[in-house]
Peer 1: 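Take this structure first; my questions come after.
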Amino acid sequence: MKILVTGGAGYIGSHTCVELLNDNYDVVVLDNLSNSSEESLVRVKNITGKSLEFCKADLLSKKQIAAVFSENKIDAVIHFAGLKAVGESVSIPLRYFQNNITGTLNLLAVMNDFNVKNIVFSSSATVYGDPASLPIKEDFPLSVTNPYGRTKLMIEEIMKDLYHSDKNWNIALLRYFNPVGAHKTGEIGEDPSGIPNNLVPYISKVAVGCLPRLSVFGNDYDTPDGTGVRDFIHVVDLALGHIKTLPKLFSNPGLVIYNLGTGFGYSVLEMIKEFEEVSRRKIPYKIFGRRPGDVASCWADPSKAKKELGWEAKKTLTDMCRDTWNWQKKNPDGYQ
Ligand code: NAD
Ligand code: UD1
């Protein structure tokens, strides 16, 4: 089976490539390297001892996508490629809509032309907005507060309409909670450009001495210690969720939706404490006001994925912090 992985050089994509190769899939990566480095794929090959094909191509070019499909007999696509920074999406929404929506429309059109109708899409828990209750189930109401989230919701809607128009499509919408951690070898991990926006990459930059102090956004939420609570999931567990989704996709399920989370929430202060213990470094922090658009708490009900895919997250908060720290120490400047 040959799987096309769009965005395969990125954070979640590279970890998924490792697990695909470990599971004996043939892998073709399509990435324009706008937020990644080809070095991640060299490391994927080192970890697995297997090769994959890399096509430097942009989803904004239908011609480039079609060339990949002409040269390879693809059985299914895992579609990670997209821009993902929430703050940036507020300042340059058109670029987000163009890249994420137009890129996906081009991909789907080429897939249709080549009669490849199996796709797994990287959606996000952001589509649940501010949930009325917890844990979050797949049938909860959907709403978004920023252009990045809107691209995820719009792509979900586009894929639903596509499925309704042609029942030969098999589409899995995977809603990720908060991916963190790195491969246990420390060879691949998250390599944000510039100052990280997300909590764990920021903490690890503070631990390694690249940033002086963490800003904690709000300690007056209705949570046990007042700071935000999230369902952090190890990126390798997340990657394995995709591996478990593929057989489901090949069983012709139509359109299916799964939460990929652990079902547990940890607060910002709990994450800092765990990271300090694992790294044996002090993480200086200061409390600031709430970050606009943040919700107090968010965690998944992952029972549907367990029941229907036979998948559940296994790794602990300690694993997440230890593997992030191992990657950060080995690669203080990321892939550069
Ligand atoms: P990432 O930025 O590390 O990877 C995305 C990859 O897509 C990058 O390698 C980038 O170069 C590539 N890309 C972007 N636009 C492209 C285009 N037009 N053509 C070809 N390649 C393109 O991000 P990630 O963290 O690995 O996220 C992967 C997917 O999962 C994204 O769609 C993201 O929105 C989604 N997601 C991520 C998180 C998270 O916290 N990381 C949470 C929920 C959902
Ligand atoms: C954010 C995005 C979400 C996206 C996800 C991808 C926002 C509002 N939401 O989720 O759409 O899918 O990233 O991973 O940006 N925090 C700090 N200090 C920091 C950074 C974060 O205190 O420097 C806090 C936040 O206030 C939050 C928690 O840490 O309570 C987690 O934040 P983050 O890692 O950015 O993830 P989300 O906000 O859940």
Side-chain angles (χ1 to χ4, degrees), residues 5-16 29-38 40-41 55-61 64-65 78-90 95-96 98-100 102-104 106-107 121-129 144-146 148-149 151-152 155 174-180 189-193 195-203 205-206 211 213-219 221 223 227-233 235 238-239 260-261 265-269 271-272 285-299:
V5 183
T6 76
Y11 172 46
I12 306 170
S14 56
H15 288 80
T16 304
V29 167
L30 181 163
D31 202 303
N32 65 359
L33 303 180
S34 59
N35 194 39
S36 54
S37 150
E38 204 178 335
S40 65
L41 297 176
C55 304
K56 183 160 189 249
D58 197 315
L59 289 182
L60 294 180
S61 163
Q64 289 178 17
I65 308 171
I78 305 184
H79 177 33
F80 292 109
L83 297 173
K84 62 163 185 178
V86 172
E88 189 183 62
S89 80
V90 175
R95 178 148 151 66
Y96 271 68
Q98 192 195 27
N99 191 75
N100 294 5
T102 308
T104 302
N106 286 343
L107 174 67
F121 172 60
S122 302
S123 189
S124 165
T126 197
V127 300
Y128 295 115
V144 287
T145 55
N146 57 69
Y148 162 74
T151 68
K152 292 291 167 197
I155 293 169
L174 301 183
R175 296 180 180 149
Y176 312 154
F177 281 68
N178 288 61
V180 298
E190 188 165 12
D191 182 19
S193 56
I195 296 175
N197 299 307
N198 297 117
L199 180 66
V200 173
Y202 204 109
I203 290 179
K205 290 275 181 209
V206 173
L211 292 168
R213 185 185 68 188
L214 173 75
S215 306
V216 172
F217 300 136
N219 68 347
Y221 285 108
T223 61
T227 64
V229 170
R230 294 292 183 275
D231 185 337
F232 297 100
I233 173 168
V235 65
L238 190 64
L260 296 186
Y266 288 100
S267 74
V268 173
L269 295 183
M271 182 59 92
I272 295 172
Y285 69 86
K286 189 168 176 223
I287 307 289
F288 285 85
R290 295 180 181 193
R291 183 171 67 177
D294 273 357
V295 300
S297 302
C298 173
W299 66 86

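Position 1 is the first residue of the sequence, and the numbers go up from there. Just so you know, ligand 1 is whichever comes first in the structure, and atom 1 is the first atom listed for that ligand.
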Peer 1: Can you check whether Phe217 has an N/O within less than 3.5 Å of an N/O in ligand 2?
Peer 2: yes
Peer 1: Give a yes or no answer on whether the side chain of Asn100 reaches the backbone of Leu83 with a donor-acceptor pair at less than 3.5 Å.
Peer 2: yes
Peer 1: Just to be sure I read this right, does ligand 2 sit under 4.0 Å from the backbone of Tyr148, its side chain, both, or neither, counting only heavy atoms?
Peer 2: side chain
Peer 1: Starting at OG1 of Thr227, measure out to CD1 of Ile287 and round the result to the nearest 0.5 Å.
Peer 2: 7.5 Å
Peer 1: Identify the heavy atoms of Phe288 and Arg213 that sit nearest to each other, and give their distance.
Peer 2: CZ-NH2, 3.7 Å
Peer 1: Measure from atom 20 (C) of ligand 2 to every heavy atom in Thr145, Asn197, Val229 and give the option owning the shortest one.
Peer 2: Asn197
Peer 1: Do Val206 and Tyr285 have side-chain heavy atoms sitting under 4.5 Å apart?
Peer 2: no
Peer 1: Hey, does Ser40 sit under 4.0 Å from ligand 1 if you only count heavy atoms?
Peer 2: no
Peer 1: Identify which of Asn35, Ile155, Asn32 has a heavy atom lying nearest to atom 17 (C) of ligand 1.
Peer 2: Asn32
Peer 1: Which of the atoms of ligand 2 are close to Gly228, meaning less than 4.0 Å from one of its heavy atoms?
Peer 2: 30 (O)
Peer 1: Using a 4.0 Å cut-off to any heavy atom of Thr126, which atoms of ligand 2 qualify?
Peer 2: 11 (O)
Peer 1: May I ask you to test the Tyr128-Cys298 pair for a side-chain heavy-atom distance under 4.5 Å?
Peer 2: no
Peer 1: List ligand 1 atoms under 4.0 Å from Leu33, heavy atoms only on the residue side.
Peer 2: 11 (O)
Peer 1: Show the nearest heavy-atom pair for residues Ala296 and Thr223, with the distance to one decimal.
Peer 2: O-CG2, 4.0 Å
Peer 1: Is there a side-chain contact between Asn32 and Leu59, using heavy atoms and a 4.5 Å cut-off?
Peer 2: no
Peer 1: Is the backbone of Asn99 close enough, under 3.5 Å, to the side chain of Thr102 for a donor and an acceptor to pair up by distance?
Peer 2: no
Peer 1: Among all protein heavy atoms, pick the one closest to atom 9 (N) of ligand 2 and tell me residue, atom and distance.
Peer 2: Val86 CG2, 3.8 Å
Peer 1: Decide whether an N or O pair under 3.5 Å exists between Tyr202 and ligand 2.
Peer 2: no
Peer 1: Which ligand 1 atoms does Asp58 reach within 4.0 Å, using its non-hydrogen atoms?
Peer 2: 17 (C), 18 (N), 19 (N)
Peer 1: Which heavy atom in Ser122 sits nearest to a heavy atom in Tyr176, and how many Å separate them?
Peer 2: OG-OH, 2.7 Å
Peer 1: For ligand 1, which atoms have a heavy atom of Ser34 less than 4.0 angstrom away?
Peer 2: 10 (C), 11 (O), 13 (N), 14 (C), 15 (N)
Peer 1: Does the side chain of Phe121 reach to within under 4.5 Å of the side chain of His79, using non-hydrogen atoms?
Peer 2: yes
Peer 1: Distance to 0.1 Å, residue and atom name: give those for the protein heavy atom nearest to atom 10 (O) of ligand 2.
Peer 2: Asn178 ND2, 4.0 Å
Peer 1: Side chain, backbone, both or neither: which part of Asn198 has a heavy atom under 4.0 Å from ligand 2?
Peer 2: both
Peer 1: Applying a 4.0 Å heavy-atom criterion (strictly less than), which segment of Val268 is in contact with ligand 2: side chain, backbone, both, or neither?
Peer 2: side chain
Peer 1: Report the nearest protein non-hydrogen atom to atom 34 (O) of ligand 2: residue, atom name, distance rounded to 0.1 Å.
Peer 2: Leu199 N, 2.8 Å
Peer 1: Does any N or O atom in Asn146 lie less than 3.5 angstrom from one in ligand 2, N or O only?
Peer 2: no
Peer 1: So if I count the atoms of ligand 2 from 1 in the order they appear, which ones are less than 4.0 Å from some heavy atom of Asp294?
Peer 2: 8 (C), 25 (C), 26 (O), 27 (C), 38 (O)
Peer 1: Is the closest heavy atom of Gly103 to ligand 1 under 4.0 Å?
Peer 2: no
Peer 1: Counting heavy atoms only, name the option from Thr6, Leu59, Ile12, Asn106 that's nearest to atom 26 (O) of ligand 1.
Peer 2: Ile12
Peer 1: Give the residue, atom name and distance (to 0.1 Å) of the protein heavy atom nearest atom 31 (C) of ligand 2.
Peer 2: Arg230 CG, 3.8 Å
Peer 1: Okay, side chain of Lys205, backbone of Leu214: is any donor-acceptor separation there less than 3.5 Å?
Peer 2: no
Peer 1: Is Arg175 close enough to touch ligand 1? Criterion: a residue heavy atom under 4.0 Å from a ligand atom.
Peer 2: no
Peer 1: Purely on distance, is any nitrogen or oxygen of Phe80 under 3.5 Å from one on ligand 1?
Peer 2: yes
Peer 1: Between the side chains of Tyr148 and Glu88, does any donor sit under 3.5 Å from an acceptor?
Peer 2: no
Peer 1: Within a distance under 4.0 Å of any heavy atom of Val216, pick out the atoms of ligand 2 and give their elements.
Peer 2: 22 (O)
Peer 1: Could you find the nearest protein heavy atom to atom 32 (O) of ligand 2 and give me its residue, atom name and distance?
Peer 2: Arg291 NH2, 3.5 Å
Peer 1: State the atoms of ligand 2, each with its element, that fall below the 4.0 Å cut-off from a heavy-atom position in Ser124.
Peer 2: 12 (O)
Peer 1: Is the closest N or O pair between Leu214 and ligand 2 shorter than 3.5 Å?
Peer 2: no
Peer 1: Using modelled atom types only, decide if a donor and an acceptor are shared between the side chain of Asp31 and the backbone of Leu33 within a distance under 3.5 Å.
Peer 2: yes
Peer 1: Identify the heavy atoms of Asn146 and Ser89 that sit nearest to each other, and give their distance.
Peer 2: OD1-OG, 4.1 Å
Peer 1: Output yes when a side-chain donor or acceptor of Asn178 lies under 3.5 Å from a complementary backbone atom of Arg230, and no otherwise.
Peer 2: no
Peer 1: Does the Thr16 side chain pair with the main chain of Ala239, one donor and one acceptor, at a distance under 3.5 Å?
Peer 2: no
Peer 1: For Lys152, is at least one N or O under 3.5 Å away from an N or O on ligand 1?
Peer 2: yes
Peer 1: If you count the atoms of ligand 1 from 1 in the order shown, which ones are under 4.0 Å from a heavy atom of Ser124?
Peer 2: 43 (C), 44 (C)
Peer 1: Does Ala57 reach ligand 1, in the sense of a heavy atom lying below 4.0 Å from it?
Peer 2: yes
Peer 1: Give me the nearest non-hydrogen protein atom to atom 40 (O) of ligand 1 as residue plus atom name, then the distance to 0.1 Å.
Peer 2: Pro179 CD, 3.2 Å
Peer 1: Give the intermediate values and the outcome of side-chain contact (heavy atoms from CB on, under 4.5 Å) for residues Ser193 and Asn35.
Peer 2: CA-CA 7 Å; Ser193 56; Asn35 194 39; 3.8 Å; yes
Peer 1: Could an N or O of ligand 1 be found under 3.5 Å from any N or O of Tyr176, whether backbone or side chain?
Peer 2: no
Peer 1: Run the numbers for me: atoms of ligand 1, each under 4.0 Å from some heavy atom of Ser123, listed by number.
Peer 2: 43 (C), 44 (C)
Peer 1: What atoms in ligand 1 come closer than 4.0 Å to a heavy atom of Ser122?
Peer 2: 29 (C), 30 (O), 32 (O), 35 (C)
Peer 1: In ligand 2, which numbered atoms sit nearer than 4.0 Å to a non-hydrogen atom of Ser215?
Peer 2: 17 (C), 18 (N), 19 (C), 22 (O), 23 (O)
Peer 1: Do Val268 and Leu199 come within less than 4.5 Å of each other through their side chains, counting heavy atoms only?
Peer 2: yes
